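Residue numbering restarts at 1 for every chain, and letters A, B, ... go by the order of the sequence lines. Predicted model only: the values in this text are computed from it and were never measured.
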Amino acid sequence: MSADQPFKSQFLQTMQERGYIHQITHPVELDEAAGKGPIAAYIGFDATASSLHVGHMIQIMMLRRLQQAGHKPIVLMGGGTTKVGDPTFKDTQRPLLTDEQIKANIDSMKVSFARFLTFGDGPTDAVMVDNADWLDKLGYVQFLRDYGVHFTINRMLTFDSVKLRLEREQPMTFLEFNYMLMQATDFLELERTHGCVLQMGGSDQWGNIINGVELIRRVDQKPSFGLTTPLLSTASGQKMGKTVGGAVWLNADMRSPYDYWQFWRNTEDADVGRFMKLFTDLSMEDIARYEAMQGADINEAKKVLANEATRMLHGEEAAHAAAEAARVAFEVGSVSGDMPTFEIPAADLEAGVVLAALATDAGLAASRGEARRLAQGGGLRVNDAAEADANRTITSADLVDGVVKLAAGKKKIVLVKPV
RNA sequence: GGGGGAAUGUCCCGAGUGGCAAAGGGGGGGGACUGUAAAUCCCCUGGCGUACGCCUUCGCAGGUUCGAGUCCUGCUUCCCCCA
C-alpha cells in the first residue's frame, strides 16, 4: 500500500503535491474518509514559550490546508503535558511553568493561529483545546487500569524514542516513558469528544501517533489515522529556522515583521520552490514558474516568498513595509523607518558614547569584547563605513537624517535614534 | 548493597605530563567571492580595560602545593558490571 498512487480526496492530493507527507498509517482508508465529507484532524503544540516560531509553520500550514479542503482543524495545546515539562531536552531541570504562565502562553500563541485558521463553531471552523482539561483529572490508578493495560512494555521498548535512548545508554525516566501514553489518550479523547480521526505531526511524532491510533482501535474499536511530515531542513542540510539572532518567533513583539521577511528572503536557491509549496498559498502553476528561474533572477522569487509568508502572518501592510525597508536598505543603500530602531537619550549621544558600548546595547554584539572583535574583523559599520576602532566615540555629530546607522555584517542593521 | 568508570570553555562533541584562558572539531559571528543564495577560502569565538594588565571558568565543598582541570578527602549526579 504505497502513497505513490494518486489520491482521490482533495485534501490528500494537495498534501502530497505540496510536499507535506512523509508517512500515513492507512493511506487508502484515510483518502476515502476525507473524500466522503468533513473530517476532524488535530496537531498538538507545546505551551512552553509565549510564541510559536517558524519551526511550527509546517504544522500550522497543514491545518490551514485541511480547512481549505473543507475539513475541521483542531489545535491541541499541551497545557497538561507542559505542566509536567517536556523531558526531551532535559539538560538542566528547567523551572516548571505555573498554570498562569501556561495560560498566558496559550493565549499569546492563539493570536498567531488566528492568522492562519478561521476559528468558530461551524462544522469546518477551527477549534482550540487544551489537554490539561482532561489530563489534570486523570487519577493514577484509573489511568493505569483504563489505558496502561493496552500498552505492553515489550512494544514500547521498540519505539525509536525509547530504543535510541537506551542504545546510547542515556537515562530515560519513567516520566518520559509515559509520555507516549499521555499523547495517545489525547487522541482518544479528541476522537470521543470531537470525532477526530486524524493526528498529524512531525516525523519524530510517528511513534506517538501510532500509539493513539492503536489505543482508539482497541478501546473504541474505531479506525483513525496518522500522518507525519518530513523533517524540514534546508537544501544544504542545515536545520530549518535558524538565523542571525536566534529563533524566528511569529509574534510581532518578539520578532519584527522586517526580520520575518528577511528570514524568508534569505532562503537558499534550492529551497525556494519547496518552501513556496509548503508555506504560501500560491498555486502550483505560479510556483512552477518561479522555480524555473535561474541565477540571480531567483531573487525575485525569494521576494515573492517573503512577501507571501509575511502577508499571511502580519498582514498586507506590514509585508509591504518590510519589503520596502529591505529594498531601501539593500538596493538603494539608504535607511528606512521600518528597520529595527534603538533609542538613546539625546543627552547621552550629545556627551558621546563609546561605539563598542553602543553596538552592544543596540543588540549587535553580546559584549563589548565581541563588538571590538567585530570591528577589528571589519564587520562593524557606522553609517555604511567600516569602523575598525570600536573605542571611538559616537556623538550627535554622527547623526545622518536624525539617526546613526549601525550595522554588524551585511544583514544586521540598527538605527540609533536620539529621543 | 559490592565493584568499576564518568562529569571540561555555561550551544554541543571532545583532548588535556601540576605552570592553563586550557588542543581539536561541530555550531555560531565576521570578511573575501557572489545575487541579501550555495560551495570555497581567510579571520574571530570567557568578561572587563586604550594598554603592560585584572577578573571569572574544568560537577560541588574542603585540602596538599610557590602554583591544581590535573594530586588527596568528602559530597552530588550519571553510566556499566555483580547482587
Side-chain angles (χ1 to χ4, degrees), chain A residues 87-94 165-174 176 233-248 258-276 290-291 293-307 309-310 322-336 338-340 352-357 359-382 384-393 406-414:
Chain A
T88 312
F89 310 96
K90 60 135 211 159
D91 250 3
T92 51
Q93 179 73 34
R94 75 173 95 168
R165 189 84 78 87
L166 294 181
E167 279 172 1
R168 290 199 344 258
E169 298 186 343
Q170 296 292 314
M172 168 167 246
T173 65
F174 187 63
E176 290 171 272
S233 58
T234 66
S236 55
Q238 297 285 312
K239 249 179 293 173
M240 155 113 194
K242 297 166 50 172
T243 58
V244 281
V248 181
Y258 174 82
D259 280 344
Y260 192 71
W261 194 92
Q262 283 297 323
F263 170 78
W264 294 106
R265 172 63 242 263
N266 285 312
T267 298
E268 292 177 27
D269 287 9
D271 290 325
V272 173
R274 193 159 57 102
F275 285 3
M276 278 183 159
Y290 290 118
E291 263 184 314
M293 289 179 170
Q294 293 295 317
D297 285 346
I298 205 164
N299 282 324
E300 291 311 310
K302 292 184 189 180
K303 287 181 201 168
V304 172
L305 171 63
N307 284 337
T310 309
E324 181 57 18
R327 192 185 69 79
V328 168
F330 289 99
E331 294 174 28
V332 182
S334 183
V335 300
S336 154
D338 286 302
M339 290 175 186
V353 186
V354 174
L355 176 56
T360 306
D361 292 345
L364 293 177
S367 68
R368 294 175 187 210
E370 188 178 310
R372 272 195 196 93
R373 276 180 240 118
L374 184 67
Q376 273 159 20
L380 186 59
R381 293 197 306 285
V382 179
D384 296 316
E387 178 58 76
D389 179 18
N391 293 316
R392 81 159 263 209
T393 308
L406 291 187
K410 294 195 173 71
K411 295 175 187 174
K412 273 186 289 185
I413 301 171
V414 172

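- Nucleic acid contact for Leu380(A): none, since no nucleic acid atom lies under 4.0 Å from a heavy atom of the residue.
- rU70(B) and rA83(B) are spaced 35 Å apart, taking the C1' atom of each and rounding to whole Å.
- Looking at which nucleotide of RNA chain B each of Gly379(A) and Lys303(A) is closest to, the 5′-most match is held by Gly379(A).
- Annotation: proximity of residues 367-377 of chain A to RNA chain B (heavy atom, distance under 4.0 Å) is found for Ser367(A), Arg368(A), Gly369(A), Arg372(A), Arg373(A), Leu374(A), Gly377(A), numbered in ascending order.
- Under 3.5 Å, the side chains of Asn307(A) and Trp261(A) contain a donor-acceptor pair of N or O atoms.
- If you take CD1 on Ile413(A) and CZ on Phe330(A), they are separated by 5.0 Å, rounding to the nearest 0.5 Å.
- Nucleotide rC52(B) has no partner under the Watson-Crick or G-U criteria, as no pair reaches both atom distances under 3.5 Å.
- Phosphate proximity of rG28(B) to Lys412(A): absent, as no side-chain N or O sits under 4.0 Å from OP1 or OP2.
- Between Glu387(A) and Arg392(A), at least one side-chain nitrogen of the basic residue sits less than 4.0 Å from a carboxylate oxygen of the acidic one, meeting the salt-bridge criterion.
- Here the NZ-CG distance, from Lys412(A) to Asp259(A), works out to 10.5 Å after rounding to the nearest 0.5 Å.
- Under the Watson-Crick or G-U wobble criterion, with both distances below 3.5 Å, rG18(B) has no partner in any strand shown.
- With a glycosidic angle no further than 90° from 0, rC20(B) counts as syn.
- Positionally, the nearest nucleotide of RNA chain B for Gln262(A) lies more toward the 5' end than for the other of Gln262(A) and Ala366(A).
- For the P atoms, the distance from rA7(B) to rG59(B) is 8 Å, rounded to whole Å.
- Using a 4.0 Å cut-off between charged nitrogen and carboxylate oxygen, Glu370(A) and Arg373(A) do not count as a salt-bridge pair.
- rG69(B) sits 10 Å from rG19(B) when the P atoms are compared, rounded to a whole Å.
- Residues Val272(A) and Val304(A) fail the side-chain proximity criterion, which asks for heavy atoms closer than 4.5 Å.
- If you check every strand for non-hydrogen atoms under 4.0 Å, Glu331(A) touches nothing.
- Gln294(A) contributes atom CD, which lies 9.0 Å from atom CG of Asp269(A) (distance to the nearest 0.5 angstrom).
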Residue pair Lys302(A), Glu291(A): steps toward the salt bridge (charged side-chain N to carboxylate O under 4.0 Å, His left out) verdict: CA-CA 10 Å; Lys302(A) 292 184 189 180; Glu291(A) 263 184 314; over 6 Å; no
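- In a base pair of the Watson-Crick type (N1 to N3 plus N6-O4 or O6-N4) or a G-U wobble (N1-O2 and O6-N3), with each distance short of 3.5 Å, rC58(B) is matched with no nucleotide.
- Side chain of Glu268(A), nearest nucleotide from rU50(B), rA38(B), rU36(B): rA38(B).
- With a 3.5 Å ceiling on both atom-pair distances, rA37(B) lacks any Watson-Crick or G-U wobble partner.
- Nucleotide rA68(B): unpaired (no Watson-Crick or G-U wobble partner with both distances less than 3.5 Å).
- Across all strands shown, nothing is found opposite rU10(B) as a Watson-Crick or G-U wobble partner with both distances under 3.5 Å.
- Here the P atom of nucleotide rA51(B) and the CG atom of Asn391(A) are 7 Å apart, to the nearest Å.
- Counting distance only, with no hydrogens placed and no angle test, the side-chain atoms of Asp297(A) and the base atoms of rG35(B) include no donor-acceptor pair under 3.5 Å.
- Remark: rG1(B) base-pairs with rC82(B). Criterion, Watson-Crick or G-U wobble with two distances under 3.5 Å.
- Residue Asn266(A) is in base contact, counting any heavy-atom pair closer than 4.0 Å across all strands shown.
- For the P atoms, the distance from rG25(B) to rU40(B) is 15 Å, rounded to whole Å.
- Arg381(A) comes within 4.0 angstrom of the backbone, heavy atoms only, and of no base.
- Across all strands shown, Ala326(A) has heavy atoms under 4.0 Å from base atoms, whether or not it also approaches the sugar-phosphate.
- Checking the phosphate oxygens (OP1, OP2) of rG31(B), no side-chain nitrogen or oxygen of Lys411(A) falls inside 4.0 Å.
- The gap from the P atom of rG14(B) to that of rU65(B) amounts to 35 Å, rounded to the nearest Å.
- A distance of about 36 Å separates the P atoms of rA6(B) and rC48(B), rounded to the whole Å.
- With values rounded to the nearest 0.5 angstrom, Lys303(A) atom NZ is found 13.0 Å from Ile298(A) atom CD1.
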